Amino acid sequence: MMKKWWHDKVAYQIYPKSFADTDGDGIGDLRGVISRLDYLKELGVDIIWLSPIYQSPFVDQGYDISDYYRIAEEFGTMEEFDELLEETKKRNMYVLMDLVINHCSDKHEWFQKALADPYGKYAGFFHFVKGKDGKAPSNYRSYFGGSAWEPVPGTDLYYLHMFAKEQPDLNWENPALREEIYKMINWWLDKGLAGFRIDAIINIKKDLDFPSFEPDGPDGLASCVKMVEEVQGVGEYFEDIKRHTFAKYDAFTVAEVFNMKENELEEFIGEDGHFSSMFDFSAHMLAQGENGWYNSRKPSFKEWRDTIFASQMRMQKVGHAANIIENHDEPRGASRFLPEYAQNEAGKKMLATTSLLLYGIPFIYQGQEIGMTNCRRSDISEYDDINTKDQYMEALRAGCSVQQALDCCYENSRDNARTPMQWNGEKGAGFTDGTPWLALNPNYTEINVEEQDKRADSVLNYYRRLTALKKAPAYGETFTYGEFIPDYADQDGGFAYHRKTEDQDILIAANYGTEPCTLKLAGTSAEVLLSNIGNADIRAGEIAEKGTVTLESCEAAVLLLK
Ligand code: TEU
């Protein structure tokens, strides 16, 4: 495998709106990001991914861009962005922007011009399609609910939006559109960006016949994802983008890909793939309900672990996946993946251990490093997220009670991860001096950076040790390129795997069960490189004496086998 500069890095996702507010308006800003760079450096972060900071009406929190060349004024100025780049360079850190090019905002100049002249040049930047029998061109349901088609006023045309109606889809078939996008990407790369996280990219290829599908819900519509699954040829677009932009800069790209066709992995992230990496969502997909959040499910521990194992076995043959526990679209991992008895500091450290040392590039999501959790709300009005509001209504329509619908939101809402970062236990949590745009999780008085920074055995200090171990000169090669080999899979609650090179064998072992479990080690001795509950000495003694290692419930250990 050809080595790349990003293979051994640790990445961190910042959701700028909720990270750090320095001007008291309750909204995080770029100054706030700059002020926390040393914190991130100390956490062992190399690459920062910023969720969208472009000018936007924020209908979908910045994933609706109205000007690709401007910074949202809520977040700051282009000068501040340049300063951020400079400050990261000083610290040997890299910045990724979020690239949202499946759609833009309905307030973007292109779309405004298209509406003004529905048969002119800019209408060709979008999918303006004639309706059928006075109705929409097809029966697609958008990802955020309701028809994916919206009438173009004063015409018999409709425009396509796979997300909100304020997010019209761009027409990738049109060379003039592609040229504009490439120009924009290169403009940012010329500034010194290291690359991009690429949003919802699998959706850019459309079947221009827009065939209807068998309805899959009581609304008589069919998920627009059906079209994505059926249509062929999206890879040609990806290659075109890469050739005109990323490849010229050795940029790091990490794609958000759902619904990839089987057997396409090599084309996507192989040595000469479309992208440098893509997120591994396999464990997150397990919970997905057939019709929405109201029938989402809780996978068993074994199902969850085996899914991760299977994905690792597949991915490592091909390339470096981006591994996440959570992101801005997902509930907090500590609330979702840990059984109730493990929803404590030991459990959170265990989850970090088994996840961050997998084969691939770990992406830590802001607040994960202190073990932030889901946040319960007592009324739907306390949520901001467009997707949450839709799923709440969907649940009520399906017959759920208000309480049941709120429970679905507690478990699934994207706002769980979007509550402001908890920096300290004072009013505003150190996030803001004003009123936060989204109410804080009340547990900020207990779970916060300031408290954990001072306490040697905190989740935060454990994350620092874990990233340091992952990058330590003595083991870095193994954690980056060492083969992933699952082990002890028959142990109830056991989550164990090796990272192995020709001359090093490191065992990562954890006990997600309630009873202690004892693993017989293959070698004759082992050194304890990391332990999440501070009993490295006891384990070392047991290994020396009996050649076994016993893990209590919620215990994780990293062992160098000899
Ligand atoms: O997400 C794409 C996407 O498919 C999501 O709708 C995902 O299925 C959902 O959030 C799971 O709950 C990306 C962004 O990450 C998301 O924040 C945006 O809303 C979306 O694109 C539209 O740009």
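Just follow the structure's listing: the first ligand is 1, and inside any ligand the first atom is 1. These numbers were taken from a predicted model, which means no experiment stands behind them. Just the heavy atoms: all of them, side chains too, but no hydrogens, waters or symmetry mates, feed the values below. Numbers here simply count residues along the sequence, with the first being 1.
- Atom CG of Leu406 sits about 8.5 Å away from atom CG of Leu396, to the nearest 0.5 Å.
- For Phe81 and Trp188, the gap between ring centers is short of 6.0 Å.
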Chi angles and distances behind the ring pair (Phe, Tyr, Trp, His ring centres under 6.0 Å) call for Phe279, Trp49: CA-CA 13 Å; Phe279 292 106; Trp49 152 29; 5.5 Å; yes

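- Among all protein heavy atoms, the one lying closest to atom 8 (O) of ligand 1 is Phe258 CE1, 4.4 Å.
- Between Tyr63 and His328, the angle of the ring planes stays under 30°, which puts this pair in the parallel group of the 30/60° scheme.
- Relative to the ring axis of Trp187, Lys191 places its NZ or CZ within 45° and under 6.0 Å from the centre.
- Under a 4.0 Å heavy-atom criterion, Arg197 is in contact with ligand 1.
- Contacts between Gln288 and ligand 1, counted as non-hydrogen atom pairs separated by less than 4.0 Å, are absent for every part of the residue.
- Put simply, part of Phe163 is less than 4.0 Å from ligand 1, judged by heavy atoms.
- Annotation: atom 17 (O) of ligand 1 to nearest protein heavy atom, Asp329 OD1, 2.7 Å.
- Using the six-membered ring where Trp is involved, Tyr68 and Trp110 have ring planes that are tilted, between 30° and 60° apart.
- Using modelled atom types, one finds no donor on one side chain facing an acceptor on the other under 3.5 Å when comparing Asp199 with Asn102.
- Heavy-atom contacts of His328 reach the following atoms of ligand 1: 14 (C), 15 (O), 16 (C), 17 (O) (cutoff under 4.0 Å).
- With a heavy-atom cut-off of 4.0 Å, Arg414 touches ligand 1 through its side chain alone.
- Residue Glu330 places no N or O, backbone or side chain, under 3.5 Å from any N or O of ligand 1.
- At a heavy-atom cutoff of 4.0 Å, ligand 1 is contacted by no atom of Asn412, backbone or side chain.
- The protein non-hydrogen atom at the shortest distance from atom 1 (O) of ligand 1 is Glu256 OE2, 2.9 Å.
- Residue contacts with ligand 1: His284 is excluded, as none of its non-hydrogen atoms falls under 4.0 Å.
- Applying the 4.0 Å criterion to heavy atoms of Phe144 picks out, from ligand 1, the atoms 19 (O).
- Residue contact check: Asp60 has heavy atoms under 4.0 Å from atoms 18 (C), 19 (O), 20 (C), 22 (C), 23 (O) of ligand 1.
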Audit row: Val225, Phe258, side-chain contact (heavy atoms from CB on, under 4.5 Å) steps and yes/no: CA-CA 10 Å; Val225 85; Phe258 292 97; over 6 Å; no

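- The side chain of Asp199, and not its backbone, has at least one atom closer than 4.0 Å to an atom of ligand 1 (non-hydrogen atoms only; side chain from C-beta on).
- Counting only heavy atoms of the protein, atom 12 (O) of ligand 1 lies nearest to Asn387 ND2, 3.4 Å.
- The Arg418 neighbourhood of ligand 1 comprises atoms 17 (O), with distances under 4.0 Å to a heavy atom of that residue.
- Under the 30°/60° scheme for interplanar angles, the aromatic rings of His7 and His320 are found to lie parallel.
- Contact between His103 and ligand 1 is present, with at least one heavy atom of the residue lying under 4.0 Å from the ligand.
- Stacking of Arg36 on the aromatic ring of Trp423 is recorded, both the 6.0 Å distance cut-off and the 45° axial limit being met.
- If you take CG on Leu358 and CD on Gln312, they are separated by 4.0 Å, rounding to the nearest 0.5 Å.
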